[in-house]
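Have a look at the structure below before the remarks.
Owing to the predicted nature of the structure, the values given are computational and were not obtained by experimental measurement. For this chain, numbers begin at 1 and follow the sequence in order.
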Amino acid sequence: MHPTPDDLASALPNLPPSARKNLAEAGQLARLPPGTAVFHAGAACEKFFIVLSGSVRVSRTSADGHTMVLYRVHGGETCILTTTALLGGTAWTADAVTETEVTALLLGPPAFLDLVARDAAFRGFAFGTYAARLAELMARVEEVAFAAIAPRLARVLLARAEAGRVLLTQEQLAEEVATAREVVSRQLKAFAARGWLRAGRGVVELLDEAALAAIAEQDESPTLA
C-alpha cells in the first residue's frame, strides 16, 4: 500500500513535505518480520528501499564460506549497494536480512531514477546518505585490514551487549568481527582467562566492561593469548 507523507515524517524529518509527498506517491510501504531476506548476492536489483524503522544487516560471504557483516541499515537510512546497483544497472553484490521487524519504503527502479532526476531534495538525500554509508564502509574495510582482533572483538561485544550479556554465537561474533570462528573462540578464551567475561553456548557475559573498553581503544593492540 502507499504510505501517507505523515508515515514518513518521523523517519525522514529533514526531507521537506514536498519530497515526502513525492515519495509517498511513488513508493509502497512494506512490513517485514525478522529473518526476512531483503536481497541476495547475484540477484537483479529490483527495488530501492528506505528503512523507516528496524534494522537490516548487509553481509558478504567469501568463496570459502566466511561471512563478514558490512554494515546495518537503520531507520531513515538507505543501502549503498542498492543505490550502486540501480545507478550502474548491476546485480546486488551482498546479502541483506532483517534483524528485527522492519518497516520500509520501496521504490521500483523507474520511480527511483525519476525522483533522482526531478526532485532535488530527494536527490540530495539519496546521495547524502550514499556518501555517509560509503565513508562508514571504508572505515569498516580499514578496520578489518589493519586493526588487531582483540580490539575489534572488544568493540563488538560492548556494542552488542544488553544488560551485560551478548546473545550471539561464536559464529555470529566471527561474522561481526570479520574473521574465522576459531579465532574468535581463542580470543574469547583469552579474555575469559583474565576474568573479563564468561562465554557460554550462544551467550557471552561481560564481567569487566572497563577492561574491554580499554582494549577496544587500542587499534594496534596485539592479539591476547
Candidates L188, L168, V177 - the one meeting side-chain contact (heavy atoms from CB on, under 4.5 Å) with L157:
L188
Pair E77 + R133: basic N to acidic O under 4.0 Å:
yes
About how many Å separate CG of L52 and NE2 of H74, when rounded to the nearest 0.5 Å?
14.0 Å
Just checking R123: does its CZ atom have more than 12 heavy atoms from other residues, nucleotides or ligands closer to it than 6.0 angstrom?
yes
For T100 and S55, does a side-chain donor sit closer than 3.5 Å to a side-chain acceptor?
no
Over all atoms of both residues, closest heavy-atom pair of A85 and A91
CB-O, 4.0 Å
Going hydrophobic residue to hydrophobic residue with side-chain gaps under 4.5 angstrom, can you get from L197 over to V203?
no
When you compare the side chain of F122 with that of N22, does any pair of heavy atoms fall below 4.5 Å?
no
Minimum heavy-atom separation for C79 and V58, please, with both atom names.
SG-CG2, 4.4 Å
T61 and T67: side-chain donor and acceptor closer than 3.5 Å?
yes
Under a 3.5 Å cutoff, is there a donor and acceptor pairing between the side chains of Y71 and S59?
no
For E162, I'd like to know if atom CD has over 12 heavy atoms of other residues, nucleotides or ligands within 6.0 Å.
no
Heavy-atom closest contact (F191 atom, A150 atom, distance)
CZ-O, 3.7 Å
Take a 6.0 Å sphere around CZ of R72 and say whether it holds more than 12 heavy atoms from other residues, nucleotides or ligands.
yes
Heavy-atom nearest pair, L8 first then L23, reads CD1-CB, 3.8 Å
F127 reachable from I50 in the ILVMFWY side-chain graph, under 4.5 Å edges:
yes
Check the orientation of F39 and F49. Use parallel for under 30°, tilted for 30 to 60°, and perpendicular for over 60°.
tilted
Working to the nearest 0.5 angstrom, can you tell me the gap between L153 CG and Q170 CD?
9.5 Å
Determine whether the side chains of H2 and Q28 contain a donor N or O and an acceptor N or O closer than 3.5 Å.
yes
Would L173 and L158 show up in the same hydrophobic cluster when neighbours are defined by side-chain heavy atoms closer than 4.5 Å?
yes
